[in-house]
Structures are given as structure tokens and as C-alpha cells.
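Some notes on the structure that comes next.
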Protein chains: 2
Amino acid sequence: MLTISQLASFAGVTVRAVRHYHAKGLLPEPKRDRSGYRRYDAFAAVELIKIRTLADAGVPLARVHELLAASEEEFTAAVADIDRRLRAEIRERQRHRERIARLAAGDSLALPPEAVAYLDRLRKLEFSDLMVEGERDAWILVAAQLPEHMPLYMKAKQQQLDDPATLQLLRDLVAAASWEADDPRVAAVADRLVALFEADAEGWEDHQAEGRGEHQGVMPAELAQLLDAVFLDLVPIARRLLDLLEERGWRGWTNLERIRPT
Amino acid sequence: MLTISQLASFAGVTVRAVRHYHAKGLLPEPKRDRSGYRRYDAFAAVELIKIRTLADAGVPLARVHELLAASEEEFTAAVADIDRRLRAEIRERQRHRERIARLAAGDSLALPPEAVAYLDRLRKLEFSDLMVEGERDAWILVAAQLPEHMPLYMKAKQQQLDDPATLQLLRDLVAAASWEADDPRVAAVADRLVALFEADAEGWEDHQAEGRGEHQGVMPAELAQLLDAVFLDLVPIARRLLDLLEERGWRGWTNLERIRPT
DNA sequence: ACTTGACCTTGACCCTGCGTCAGGGTTTCA
DNA sequence: TGAAACCCTGACGCAGGGTCAAGGTCAAGT
């Protein structure tokens, strides 16, 4: 007859764990000797090993309890389930390995050089510090989520700055960012924006079509939503501007989309 | 500026988790708006993603706290460490998959047919139910731990029964199992055992030598110790018998070994 | 016979990483 | 003018035990 510590060390668990399994009803309380010590037989050892085998595989103790009393079929079904979970966890850890590797590379923490170049150019063009900081915050978010898409985005932004009309509109937008929410000039800004969108529309749609297989230029909805929220919070006229754009057939901001062909 | 739920959903965590990170000092408390609501900027989102990336990789939050404030080298060293742990966990799950697969096969729960045959033969040879049950318990333990070695063990046990001298000694041992601890006849039994060991020694040692690469016939120390403990607990003369055997140059019982060449 | 050290007993609190109320106040949309 | 959907703090709950505390017991050596 075994004492609790002999039993425990045989199964490679602590004495505390064995008592825990008693308290949980997983392992039946064995008989006691005259001094009240628990005395175990070989079956207890076998049961304990079953418990540990299941628990080590990540099965919650409550589930282990059920399984020990389950029928053959239930048991094999459950085991198949556990095996699926283990495989999923293995894949999960493999993904985590990749994620922390990227984190360690440090690229996602700071901004990539293209973004730094873009922000520098904004400063040279004498945009306000406030605007540049807003842009920086936004691109930090994007870079943290989609580091691999940054070169593409930055190329697009640089092209915007290359075009004098777009650049002027951008300057006007920055000025408009400090207007009150109900400023009457917003409508005019909306009109100019729509005109620019319409002009760009063809080339833009071609671009969308090209990047079919993998969302080349388009941003995941979550991220776009977040950037929109930042825009809405920082710029008083943002809400009304988006509403006016929607009246004119365009929805969204970060992920702009046409909702009515004109 | 983001509300707590916007921030949380961006990073794919719950609002409660974000507050938890504040309470733990992982994420600095942001400023509040006039109604006391937390308002976050883009950096908070980046920090939160870093926290989740580490936490998802299984880093305890206390450790995450340190790492966020760590130097470049410390951080990369820690990441290497985490990566090692992840690889180890992947290997662990792979082992667990094998273990539960064996459990599901059911072979390790009951006794394999060889063992059943062996126990049946013991009963036919009119060994007492008590002795047969003791044997059964012991072999259940072995089968649970080393199912693949069972055929070998059972073959050895059957060979013992084939030899009339060994069989007779076994019968005498069973009778001796009910003696008092201080029975004077124990010494004679020890002598007979040693004589048998010496006779078998050559062939036995050859056998040991054969199974060099993988412990063919020899049992892991843990298991042997457990079986010895069962023997010592069940049989009053066991302690003294082992002492006498040791005087005569043999130590142990389940894993018998010569400690003095005669 | 006595001590020492290793075991055994129950009971109770501690830990992580949040989930989940409870019991409020605020903002937003219709 | 609600009702729904947010937000706040504070507190308790969960698994799966670890870790005292405050004893009782057993085996060994002296």
C-alpha cells in the first residue's frame, strides 16, 4: 500500500495536486490507515496517470472528471477533439513565433524609412507641426499592423504631393481642420474633393482591379475604421464633411468608396 | 482620440483587459475627458499591440512589464528566450498528442492479452487469489507505463513457470508471504533465492548485454521502486529478505542487481 | 525513552489573467 | 424624451494548484 507521496512521485505530481483531485472528486478517496493516513493501491496509480495524461494535454479538470466516467465512444470522440485542439495550439505557437520575431526586428515599432521621408517632406512643405504629428500617429498605427504595405502607401502619398492641385487641396484641408464644426465653407471643400475624386476615379479603379488577388492598396476595415475615428475626433468639420461627401456619392475617408456612379 | 472600446477592439482585446493592463501598470493611464472617460492616442494602440503580441506568446504580464522598459539587447535576448519556450511547447504538445492517442487506443488501461494469459496460468497452477491479485495490480502499473515492453516481460515470466525448480521456489515464496516479519525461516529462503540467481546469472548477464542500446529487459528506476514498495508493504518478511539478499551480494527485487561478484 | 527529521492531516489564504456582476453616470440616436 | 449603448469604480469568481500554519505520526539513531 502506497502513501500519498509515493503515489504522487510515481505519477510525477505534487502531494497537493493529488489532494486537489480528491477534493474535486476526480480521484476517489482511498481508505485510511489507523492514523488517518491515506493508503493507495495500484489502481489509484493508474487512475492518477490517466488524469495527468488528460490534464497535461490541456483538458480542464472538470472535463477530465466527465471523461473518466464516459463511455468508449464518448471517450474516443473527446480524444479526437483534444487532438484537434493540440494541433490548433501548435499552429498558434508557430504563428506567435513569427509575430514576436517581427517584434524583435523592431521594424514595426518605429516608422520605416519611407514614412520618415514622407513626414520630412511634409515638414519641408511647411505643414503645421500639429498636422505632421497627426499623420505620424496615423502611420505608426498602419506600420504596426501592415508593415509590408508601407512602401506602397508611402509611394501613393508621395505621388499626391507631386501633383500641385492635390497639394493645394491638402493645404486647404489642413486649414479647414481648424474651422468650427458648423463652418459654412465646408460644402465648397466637399465639392472640390469630389471633383478631385472623379478625376482620379478611372486610374484608381484600374488600380483596384489590378490588386485583386491580394488587397494591394486597400486597407482592412478595422484599421480604416480606426483611422477614420481619429480623423473624426481631431477635426471638427470631419463629421459634416463625410456627410456631404456621402450626399455626393462617396463614402468613407481612409477607404474611400463610390456608392453612386455619377 | 479613441475611447477605451475603440482602442480595445482595434487590438482585438476586451475593454476589461485594457483596464487590467492599466491596473498592472503595463499601459499608462491616458488623460480623461471632462466626463472622466479615458481618451487614447495612437501610441496607446501601438503599445497595446506590443503587450498583446508578447502576452499571446505566453509571456506573463509581469514579464511584459519589464520587457517594455528593457534595453534593445535585453529585449532581443528575451525574445530569443520566448522563442525557445515556444518551440519547447510545440514539442510538448506533439508528445501529448502521442500520449492521448495511446490512451484512446485503450491498451494501456486494461491488461494486454499476454498478461491475461499469464494471470490465468497462475490461477490454473492454484496460486492464491490474493497472490494473483497482487500480481495483477503490479502488472497493471507496468502496462500503464511501458505497454510496449509487456510481451517481453510476460515471456520472461512464462519461462519462470516452465522451470520446475523456479516454480517450486515461487510457491514457497507465496507461502512465505504470510509469515511474520521475524520468522526464522527467512534466511533459508534467501539462500535458495541466491542459489537460483547464481545459476541464472550467466544467461541473465548475456541478456543484459544484448539489450544495450535500449533498456530491453530492465525497468526504469521509478517504476521498479514503486513495485518494490508494494512488495515491501504487502509482504511482512520482505524487508528482512531484501536485507539478507544484500548480505549475500544481491540488491533490489524488481530490478535485481549483483553488488558483489562471488 | 527521547529526539530529530521526514511524513501525514485539514484549513486557509495567495497567484494570474482576466470575466462578470453591481450600481452608478454619460452620450447618442431616433 | 427615452432607450440603447457607452463609460466609471469596486468587488467577487474561476482554474489549478503553491504555500504557509498548526498540528499528529513514524522510523532512525542515541
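To find a chain, count down the sequence lines: A is the first, B the second, and so on, and within it residues start at 1. Here the structure is a predicted model, which is why all the values come from computation and not from measurement. Values below: every heavy atom of this structure, side chains too, minus hydrogens, waters and symmetry copies.
At a threshold of 4.0 angstrom between heavy atoms, the contacts of B:Arg38 are confined to the sugar-phosphate backbone, with no base atom among them. Using a 4.0 Å heavy-atom criterion, one finds that B:Arg32 contacts the sugar-phosphate atoms exclusively.
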Evaluate side chain to side chain donor-acceptor pair (under 3.5 Å) for B:Arg52 paired with B:Tyr21, printing each intermediate quantity in order. CA-CA 10 Å; B:Arg52 281 314 313 172; B:Tyr21 301 150; 2.5 Å; yes

What's the verdict on side-chain contact (heavy atoms from CB on, under 4.5 Å) for B:Arg99 and A:Asp56, showing C-alpha distance, side-chain angles and the deciding distance? CA-CA 10 Å; B:Arg99 276 187 68 186; A:Asp56 284 342; 3.3 Å; yes

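Under a 4.0 Å N-O distance rule, the pair B:Asp81/B:Arg85 does not qualify as a salt bridge.
In this view, A:His20 satisfies the ring pair (Phe, Tyr, Trp, His ring centres under 6.0 Å) rule with no residue, not counting sequence neighbours. Taking the ring pair (Phe, Tyr, Trp, His ring centres under 6.0 Å) definition, one finds that A:Phe231 meets it with A:Trp253, sequence neighbours left out. With sequence neighbours left out, the side-chain contact (heavy atoms from CB on, under 4.5 Å) criterion links B:Asp172 to B:Gln168, B:Arg192.
Taking both residues in full, the closest heavy atoms of A:Arg63 and A:Ala78 are given as NH2-CB, 3.9 Å, listed atom of the first, atom of the second, then distance.
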Contact state string [nucleotides 23-30 of chain C, B base, S sugar-phosphate only, - no protein heavy atom under 4.0 Å]: --BBS---

Please encode protein proximity along nucleotides 15-22 of chain C as a string of B, S and -, counting only heavy-atom distances under 4.0 Å. -SBBBB--

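Using a 4.5 Å heavy-atom threshold, the side chains of A:Tyr37 and A:Arg32 count as separate.
Taking every nucleotide of DNA chain D with any atom under 4.0 Å from a non-hydrogen atom of chain A, the first and last of them, 5' to 3', are D:dA15 to D:dC26.
Here C:dC8 presents its C1' atom at 11 Å from OH of A:Tyr40, a figure rounded to the nearest Å.
Enclosure of atom CD in A:Glu29 by more than 12 non-hydrogen atoms of other residues, nucleotides or ligands within 6.0 angstrom is indicated.
Between A:Thr3 and C:dC8 there is a side-chain N or O to OP1 or OP2 distance below 4.0 Å.
Checked by atom type and distance alone, the side chain of B:Arg93 never pairs as donor or acceptor with a backbone atom of B:Ala88 at under 3.5 Å.
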